[in-house]
Amino acid sequence: LSKKGNVVLDYDFVHKNGNTVSCIINGRPLNDSILSKGSLFSFTDVSERKRAEEALKNAYDRLEERVAERTLDLHRINEQLNSELRERRRAEEALKKSEKQYRVLYENSRRGEEVYRSLIHSSADAVIIYDMEGFCKYVSPSFTQIFGWNLAELEGKRIPFLPESEKNTSMAIIHALITEGTSCHG
């Protein structure tokens with residue numbers, strides 16, 4: 001100690017039983033003018049506080065580790081979500097493009113069908129359209145003019161205009177057309 005006053009030290013001592021006792025030591029001279037008169041020292045046991053500080057430091061370190069782990073997990077999950085989002089956007093764009101292409105195809109098909117119907121409708125030849133079962137779906141005005149039946153009378157029915165002697169041959173031709181796509185002329 002010096003004439004300057006108090007001294008404060010943080011020091012570990014050994015207890016009689018061998019355990020460590022952490023203390024804060026306060027020391028000061030008994031008489032500031034005459035150091036030889038002695039000194040006064042007080043020891044404050046801070047072992048519990050030090051253990052609490054150590055436990056707090058360990059808990060803080062563990063918390064920091066957990067925060068780092070969770071941050072890394074969240075980063076990975078965020079990257080995965082971003083990747084899935086990018087993939088979804090690509091799929092949506094592809095779907096939009098596909099829908100646009102099919103819309104164009106549909107419109108072209110519809111226009112083609114209109115042109116086809118217009119040609120059939122204005123043809124001088126008698127035209128009849130059957131479904132896959134052999135039932136009438138359409139007759140052209142020329143068909144009505146030549147054979148006398150109109151669509152309202154024949155739609156959804158088999159057409160009774162074939163003579164009995166031609167029925168089997170004609171049905172075989174229609175069947176070949178429907179099942180094999182073989183066209184008929186004649």
Side-chain angles (χ1 to χ4, degrees), residues 1-120 129-135 137-138 155-156 175-183:
L1 293 173
S2 68
K3 289 185 176 187
K4 293 183 180 178
N6 291 347
V7 173
V8 178
L9 299 172
D10 190 348
Y11 203 78
D12 289 339
F13 293 93
V14 178
H15 189 275
K16 177 179 169 182
N17 66 11
N19 290 338
T20 301
V21 178
S22 295
C23 293
I24 292 180
I25 306 166
N26 283 303
R28 67 178 197 81
L30 288 175
N31 185 334
D32 288 340
S33 60
I34 307 170
L35 290 176
S36 61
K37 292 236 177 190
S39 301
L40 173 65
F41 291 94
S42 68
F43 297 80
T44 305
D45 183 356
V46 291
S47 300
E48 282 300 314
R49 187 187 82 200
K50 286 221 174 181
R51 280 191 286 275
E53 286 174 354
E54 187 63 29
L56 184 60
K57 181 185 179 304
N58 290 338
Y60 179 80
D61 291 344
R62 284 193 311 275
L63 181 61
E64 284 292 319
E65 289 172 10
R66 289 174 59 196
V67 166
E69 290 171 4
R70 288 297 295 150
T71 300
L72 184 59
D73 289 345
L74 289 173
H75 179 72
R76 285 183 192 136
I77 290 168
N78 193 34
E79 284 299 315
Q80 181 181 1
L81 289 174
N82 282 332
S83 175
E84 289 173 8
L85 182 60
R86 286 188 298 274
E87 183 59 34
R88 181 178 179 158
R89 285 181 181 152
R90 280 192 292 271
E92 286 174 353
E93 287 300 317
L95 181 60
K96 285 178 186 177
K97 183 178 178 183
S98 177
E99 286 175 349
K100 183 178 179 182
Q101 289 172 336
Y102 284 114
R103 203 173 305 119
V104 167
L105 285 173
Y106 172 76
E107 288 298 321
N108 289 343
S109 171
R110 194 173 58 76
R111 280 193 295 273
E113 184 179 337
E114 288 172 5
V115 168
Y116 180 71
R117 282 193 183 270
S118 175
L119 289 173
I120 290 173
I129 298 175
Y130 293 98
D131 66 11
M132 298 303 283
E133 304 296 319
F135 295 104
K137 299 300 284 178
Y138 174 82
E155 189 170 23
H175 181 72
L177 175 66
I178 291 171
T179 59
E180 299 168 18
T182 307
S183 60

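Any value given below was found using the heavy atoms of this structure, including those in side chains, with hydrogens, waters and symmetry copies removed.
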> Hey, is the main chain of Leu74 close enough, under 3.5 Å, to the side chain of Asn78 for a donor-acceptor pair?
Replying inline: no
> Any donor and acceptor pair, going by atom type alone, linking the side chain of Ser118 with main-chain N or O of Glu114 inside 3.5 Å?
Replying inline: no
[X], [atom1] atom: more than 12 neighbouring heavy atoms under 6.0 Å:
X      : atom1 : value
Arg89  : CZ    : no
Arg66  : CZ    : no
Arg111 : CZ    : yes
Tyr102 : OH    : no

Taking NZ, NE, NH1 and NH2 as the nitrogens, is one of them in [X] or [Y] under 4.0 Å from a carboxylate oxygen of the other?
X     : Y     : answer
Arg62 : Glu65 : no
Glu92 : Arg88 : yes
Arg90 : Glu87 : yes
Glu54 : Arg51 : no
Arg49 : Glu53 : yes

> Below 4.5 Å, heavy atoms only, C-beta onward: do Val21 and Phe43 meet side chain to side chain?
Replying inline: no
> Partners of Tyr106 by ring pair (Phe, Tyr, Trp, His ring centres under 6.0 Å), sequence neighbours excluded?
Replying inline: none
>> The test is salt bridge (Lys or Arg N to Asp or Glu O under 4.0 Å); show your working for Arg103 and Glu107 and say whether it passes.
In response: CA-CA 6 Å; Arg103 203 173 305 119; Glu107 288 298 321; over 6 Å; no
